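The structure appears right after this line, and notes come after that.
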Amino acid sequence: MKNFPHSSNTLSVNGNRTLAQVSPYRILLKAGSHLQLLKQVHAHLVTTSRYHHLPLLTKLATSAVSAGAILYAQKLFLSAPTVDSFLLSSLVTTTSKFDFPLHTIFFYRHMLARKISPTNYTYTSVIKASAKLKDLKAGKVVHCHVLANGFRSDEFVQAALVSFYAKIGELEIARKVFDEMPQRSIVAWNSMISGYEQNGFAEEAISLFYEMRELGVQFDSATLVSLLSACADTGALELGSWVHEYVKSNAINLDVVLGTALINMYSKCGNVSKARGVFNVMNEHNVVAWTTMISGYGMHGYGKEAIDLFRLMLNLGMCPNEVTFIAVLSACAHAGLFQEGREALAIMKDYSLVPGMEHHVCMVDMFGRAGLLSEAFQYAKELNPVQPTPAVWTALLGACKMHKNYDLGVEVADNLFVAEPDNAGHYVLLSNMYALAGQMERVEMVRNAMISKGLKKPVGYSIVEIDQRAHLFSSGDMSRPESMAILQFLDELIQQIKEAGYVPFSQAILHELEEEEKEYALRYHSEKLAIAFGLLKTSPGELLGL
DNA sequence: TTAGGGTTAG
């Protein structure tokens with residue numbers, strides 16, 4: 001609730017003048033979104049018989065929406081003696097703005113029922129509400145209304161549609177609307193770029209940005225934020241650094257959103273000190289910025305730095321949320337700081353947070369990695385009556401493998417098998433664990449089960465960036481024209497490192513492969529292919545930034 | 001007599 005200046009419970013306007021002497025509209029403006037005052041005005045309007053005055057009622061209802069009193073606003077509307085287009089379109093736009101999408105649709109239906117013609121403002125609001133509700137059908141219906149009522153070339157409505165389809169994952173439709181726009185606004189470009197990135201098509205997001213630049217369309221901060229996310233997704237450090245330089249040399253305001261996107265990009269691309277550099281020069285830090293930086297430290301094994309930053313955050317009075325705690329616990333797990341992790345989990349309640357399954361997974365992972373296997377197993381079992389999720393068992397299984405405790409590993413694997421019988425990734429973990437425990441008949445059983453169910457483990461990828469272009473490799477990938485050269489070069493490299501003492505660790509891919517196959521899979525692992533390609537295509541030292 | 005579509009962490 002916002003603070004209301006002057007007084008809290010009674011209206012005193014302009015010194016001694018009474019309520020009746022002052023324009024009710026001015027009182028309403030002054031009441032702002034203070035619900036108590038709005039109700040007083042409401043009562044006043046009723047007692048002075050001005051309740052039928054629609055402009056006043058409209059202002060009252062939209063103020064109630066902005067105060068979060070959506071049901072009160074709805075009652076006001078339903079009790080109105082008459083309704084006009086101003087009242088309804090105001091309610092549609094205000095409910096959309098203040099995040100009451102169901103009510104936006106509700107008032108829009110009332111508009112249609114009363115044959116009130118929507119404007120482009122109405123359409124943008126209703127489309128945004130459909131996006132919030134992830135309601136494809138509602139959005140498509142509104143899209144039809146848009147076309148039928150001649151808003152096919154309205155810049156605002158079309159941009160809202162691009163955004164809607166992109167958010168809901170219908171990228172082809174989004175692109176079609178985008179392509180057919182007579183005038184593409186910056187917002188339409190940004191919606192399309194962000195849509196690609198949010199749906200896992202970072203390459204397309206980056207391409208579209210290049211297209212935008214080549215066409216001479218001026219991009220803005222929001223474009224760069226989505227572009228940075230795409231860089232983070234693909235490891236495109238060079239392009240991400242270009243964005244940073246661009247921001248600095250064009251004096252673009254480094255607000256908390258842009259700053260956080262830069263921190264995230266540098267962290268994911270492996271440059272934590274640059275990430276911290278950005279964090280340090282930002283003027284404003286919200287919980288997302290803090291969490292991103294803590295998470296950046298954590299993912300690179302800098303547990304102490306993550307904990308120090310977390311403590312600094314708390315000392316400065318910033319409130320962590322559940323994501324912050326996931327970042328902290330994960331950092332502790334990777335750095336072996338289980339004491340710190342335990343303390344962090346214990347203080348969640350001080351911030352009215354309850355540990356969820358993701359936090360428990362971190363704890364199991366933390367004990368497991370630290371070699372405290374029985375503690376981890378105990379923790380996992382004590383999660384009852386909340387049944388441990390497969391993620392908990394997977395974390396524990398990884399720990400059993402890491403610490404070569406195969407007996408416990410098999411026990412855990414059995415739990416995993418029961419918990420999620422259709423996950424191909426788990427089958428591979430299971431069969432590896434059985435193989436390590438020497439239970440070959442079970443390996444056979446798991447493998448057969450996998451084949452009979454037609455399950456296949458999703459393919460993993462490795463990416464290397466050369467000249468601002470990301471190159472993607474999967475294991476044994478032979479799809480490039482340079483494939484033979486890459487393999488030849490890789491063979492030479494492997495020969496050299498073998499001479500230097502390298503022994504392939506074929507246990508790591510035990511999934512019932514013959515010895516020869518094992519070595520093939522290890523040798524042509526996607527990371528190795530990507531690195532060989534990178535070394536081939538760059539001058540000595542360049543790939544490592546030397 | 002009102003008001004708009006795009007951007008950050010797991």
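Each chain gets a letter, A, B and so on, in the order its sequence line appears, and its residues count up from 1. Because the structure is predicted, anything quoted here is derived from the model rather than measured.
When the C1' atom of B:dG5 is taken as reference, atom CG of A:D154 falls 10 Å away, rounded to whole Å. Atom CE of A:M293 is separated from atom P of B:dG10 by 13 Å (rounded to the nearest Å). Distance A:H53 NE2 to B:dT1 P: 9 Å, rounded to the nearest Å. Residue A:K167 contributes atom NZ, which lies 10 Å from atom C1' of B:dT7 at whole-angstrom precision. One can place CD1 of A:I127 at 9 Å from C1' of B:dG5, the figure rounded to the nearest angstrom. A:L87 places its CG atom 15 Å from the P atom of B:dA3, with the value rounded to the nearest Å. B:dT7 atom C1' lies 13 Å from atom CG of A:L254, rounded to whole Å. At whole-Å resolution of the value, CG in A:L171 and C1' in B:dG6 are 15 Å apart.
Between A:S295 and the phosphate of B:dA9, there is no side-chain N or O to OP1/OP2 separation shorter than 4.0 Å. Distances shorter than 4.0 Å separate some side-chain N or O of A:K268 from OP1 or OP2 on B:dG10. For A:S163, a side-chain nitrogen or oxygen approaches OP1 or OP2 of B:dG6 to under 4.0 Å.
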Would you mind writing out the side-chain donor-acceptor pairs for residues 148-159 of chain A within the sub-3.5 Å range, not counting sequence neighbours?
{"from": "A:N149", "atom 1": "ND2", "to": "A:Y123", "atom 2": "OH", "distance (Å)": "3.0"}
{"from": "A:N149", "atom 1": "ND2", "to": "A:H145", "atom 2": "O", "distance (Å)": "2.7"}
{"from": "A:D154", "atom 1": "OD1", "to": "A:F156", "atom 2": "N", "distance (Å)": "2.9"}
{"from": "A:D154", "atom 1": "OD1", "to": "A:V157", "atom 2": "N", "distance (Å)": "2.9"}
{"from": "A:D154", "atom 1": "OD2", "to": "A:N120", "atom 2": "ND2", "distance (Å)": "2.9"}
{"from": "A:Q158", "atom 1": "NE2", "to": "A:F151", "atom 2": "O", "distance (Å)": "3.0"}
{"from": "A:Q158", "atom 1": "NE2", "to": "A:R152", "atom 2": "O", "distance (Å)": "3.1"}

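By the 5.5 Å and 30° criteria, A:F156 is not stacked with the base of B:dG5.
Distances from the side chain of A:Q198 to the nucleotides B:dT7, B:dT8, B:dG4 place B:dT8 closest. Nearest to the side-chain atoms of A:S229 among the listed nucleotides B:dG6, B:dT1, B:dA9 stands B:dA9. Here B:dT8 is the nucleotide among B:dT7, B:dG5, B:dT8 with the atom lying nearest to any side-chain atom of A:T260. The nucleotide whose nearest atom lies closest to any side-chain atom of A:E322 is, among B:dA9, B:dG10, B:dT7, B:dG10. Checked against B:dA3, B:dA9, B:dT8, the side chain of A:T292 finds its nearest nucleotide in B:dA9. The side chain of A:T93 lies closest to B:dA3, out of B:dA9, B:dA3, B:dG6. The side chain of A:N286 approaches B:dT8 more closely than any other nucleotide in the set B:dG5, B:dT8, B:dG10. When distances run from any side-chain atom of A:T119 to the nucleotides B:dG4, B:dA3, B:dA9, the shortest one goes to B:dA3. Comparing B:dG5, B:dA3, B:dT7 by their nearest atom to the side chain of A:E155 picks out B:dG5.
Within the 4.0 angstrom heavy-atom criterion, base atoms lie near A:S90. Counting any heavy atom pair closer than 4.0 Å across all strands shown, A:D255 reaches no nucleic acid atom. Counting any heavy atom pair closer than 4.0 Å across all strands shown, A:L224 reaches no nucleic acid atom. When heavy atoms are screened at a 4.0 angstrom cut-off, A:V256 is found touching base atoms of the nucleic acid.
The closest side-chain donor-acceptor pair between A:K167 and A:S163 falls under 3.5 angstrom. At a cut-off of 3.5 Å, with distance as the only test, a side-chain donor of A:R276 or A:N280 sits close to an acceptor on the other residue. A side-chain donor-acceptor contact under 3.5 Å links A:Y266 and A:H244.
A:K176 and A:E180 are joined by a salt bridge, as a carboxylate oxygen and a charged side-chain nitrogen come within less than 4.0 angstrom of each other.
Judged by atom type and distance alone, A:S185 reaches the base of B:dG5 through a side-chain donor-acceptor pair under 3.5 Å.
Among residues at least two apart or in separate chains, ring-ring contact (aromatic ring centres under 6.0 Å, His included) pairs with a member in residues 185-208 of chain A are A:F178-A:W189.
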